Amino acid sequence: MRGKLLILAAALSLAGCGIQVGGQASILDKDELIVAVKSDQPGLGLRTGDRFEGFDVDVASYVAKYLGKKVTFVETTSEGREDKLRSGAADMVIATYSISPQRKAEVTFAGPYYVSRQDILVRKETTDIRGVRDLEGRRLCQAKGSISASRVVVGRRVMADLVPAETYGACVDLLRSRQVDAVSTGDLILAGFAARDEGAYTIVNAPFTEERYGIALRLGDVAGCEEVNRALTEMYQSGAAAGLLERRFGSTGLRLTTSVPQFEGCE
């Protein structure tokens, strides 16, 4: 009996200190948010010296301001996104992180903050890849930790020859050096690289699935997720999202979506 009382007293003491017993603290309990973003995706998450810029960074800054929090950024790769949250190295991940049932078992997703469409990037002179079916037997880059390539070979049953790379930046390097024939992922990612290397690449403009980019929080942070969704709603309804998208991608000719995305729900 005495042991049970001691355990109860310890639990009450922790709760009184603002520590959540049996789970992670919410982002709402923090004064400053650490947000993990990509560092090699032009237009979305790009690091120059100590500075990060891009649409993902813009979204993070908007959400943090809405919540009344300071924000700092750390970099992540596709493969390392879940680990950043589990280890406590980041409070949120905004890194072209497509929502999927498998990933929802690992993190809590707010959003999506943008619904991109999966498309294909090829070299400018390539004329025989006009859609996903034309990737049959072709060398397709597979970025580590991304599910985009699997949507081609599993989702569409197009047997492309997958060539691994660490990041999408590395994939585009392989495309430039002719070690792969195509890169396929969300059109915002592709548009960023096409804008950076103007005239070198072409987006096929044959979208075949959606990429619902979510804001990842630690699993179970429902309260934080709901507040982030309120911030995203305001961002779109105020016109801020349209302005940010136009600033980053307006010159690419990509048809941008500026209406409030349909949220997944935080439970």
Side-chain angles (χ1 to χ4, degrees), residues 14 19-30 33-39 41 44-45 55-56 59-60 63-64 67 73-118 141-157 162 164-168 171 184-189 208-233 260-267:
L14 288 171
I19 299 173
Q20 194 173 31
V21 179
Q24 299 284 352
S26 171
I27 60 169
L28 303 181
D29 300 327
K30 296 177 174 289
L33 299 179
I34 302 173
V35 181
V37 297
K38 294 286 186 67
S39 62
Q41 289 184 345
L44 285 160
F55 181 63
D56 287 355
V59 172
V63 169
L67 297 176
F73 295 97
V74 296
E75 65 181 270
T76 185
T77 61
S78 293
E79 185 186 27
R81 290 176 292 204
E82 292 92 348
D83 287 340
K84 280 286 191 294
L85 291 174
R86 281 195 292 259
S87 68
D91 303 305
M92 295 195 305
V93 175
I94 307 180
T96 56
Y97 198 3
S98 296
I99 299 169
S100 71
Q102 295 82 3
R103 288 170 171 173
K104 288 173 78 170
E106 300 287 333
V107 302
T108 291
F109 278 111
Y113 64 93
Y114 192 79
V115 179
S116 182
R117 298 178 298 170
Q118 185 165 344
C141 193
Q142 181 178 31
K144 197 171 185 179
S146 172
I147 61 176
S148 294
S150 69
R151 287 176 168 164
V152 174
V153 298
V154 178
R156 290 296 185 270
R157 298 186 179 181
L162 299 183
E166 287 294 319
T167 65
Y168 278 112
C171 278
S184 181
T185 188
D187 53 11
L188 279 190
I189 297 174
F208 56 93
T209 187
E210 289 184 344
E211 300 266 1
R212 298 172 62 79
Y213 294 148
I215 296 179
L217 312 177
R218 292 188 186 94
L219 189 64
D221 188 2
V222 175
C225 173
E226 290 173 343
E227 282 300 304
V228 171
N229 280 346
R230 292 185 183 98
L232 294 177
T233 299
V260 182
Q262 183 176 348
F263 296 150
E264 292 283 320
C266 296
E267 295 293 344

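Since we're looking at a predicted model, the values are computed, not measured.
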Separation between [atom1] of [X] and [atom2] of [Y], rounded to the nearest 0.5 Å:
X: Thr76; Y: Ile94; atom1: OG1; atom2: CD1; value: 12.5 Å
X: Lys84; Y: Thr77; atom1: NZ; atom2: OG1; value: 7.0 Å
X: Gln142; Y: Tyr168; atom1: CD; atom2: OH; value: 8.5 Å
X: Glu166; Y: Cys171; atom1: CD; atom2: SG; value: 10.0 Å
X: Ile147; Y: Ile99; atom1: CD1; atom2: CD1; value: 10.0 Å
X: Cys225; Y: Arg218; atom1: SG; atom2: CZ; value: 14.5 Å

Determine yes or no for a side-chain-to-main-chain donor-acceptor pair under 3.5 angstrom, with Arg86 supplying the side chain and Glu106 the backbone. no
When you measure from the side chain of Asn229 to the backbone of Gly111, do you find a donor-acceptor pair of N or O atoms at a distance under 3.5 Å? yes
Is there a side-chain contact between [X] and [Y] in this structure, where contact means two heavy atoms from C-beta onward sitting under 4.5 Å apart?
X: Thr96; Y: Thr185; answer: no
X: Arg151; Y: Ser98; answer: yes
X: Met92; Y: Val228; answer: yes
X: Ser78; Y: Lys38; answer: yes
X: Val260; Y: Leu232; answer: no
X: Gln118; Y: Ser184; answer: yes
X: Val63; Y: Val35; answer: no
X: Val93; Y: Val107; answer: no

Looking at [X] and [Y], what are the two nearest heavy atoms and their distance?
X: Ala89; Y: Ile34; answer: O-CG2, 3.3 Å
X: Ser116; Y: Leu188; answer: OG-N, 3.4 Å
X: Ala149; Y: Leu162; answer: CB-CD2, 4.0 Å
X: Thr108; Y: Asp221; answer: OG1-N, 3.9 Å
X: Arg81; Y: Ala95; answer: NH1-O, 2.9 Å
X: Gly224; Y: Leu217; answer: C-CD1, 3.7 Å

Over 60° means perpendicular and under 30° means parallel, so classify the ring planes of Phe109 and Tyr97, tilted if in between. perpendicular
Run the salt bridge (Lys or Arg N to Asp or Glu O under 4.0 Å) check on Glu227 and Arg230 step by step: do they pass? CA-CA 5 Å; Glu227 282 300 304; Arg230 292 185 183 98; 2.4 Å; yes
Do Glu211 and Ser148 pair up side chain to side chain, a donor and an acceptor below 3.5 Å, judged on atom types alone? yes
Candidates Tyr114, Tyr113, Tyr213 - the one meeting side-chain hydrogen bond (donor to acceptor under 3.5 Å, both in side chains) with Asp56: Tyr113
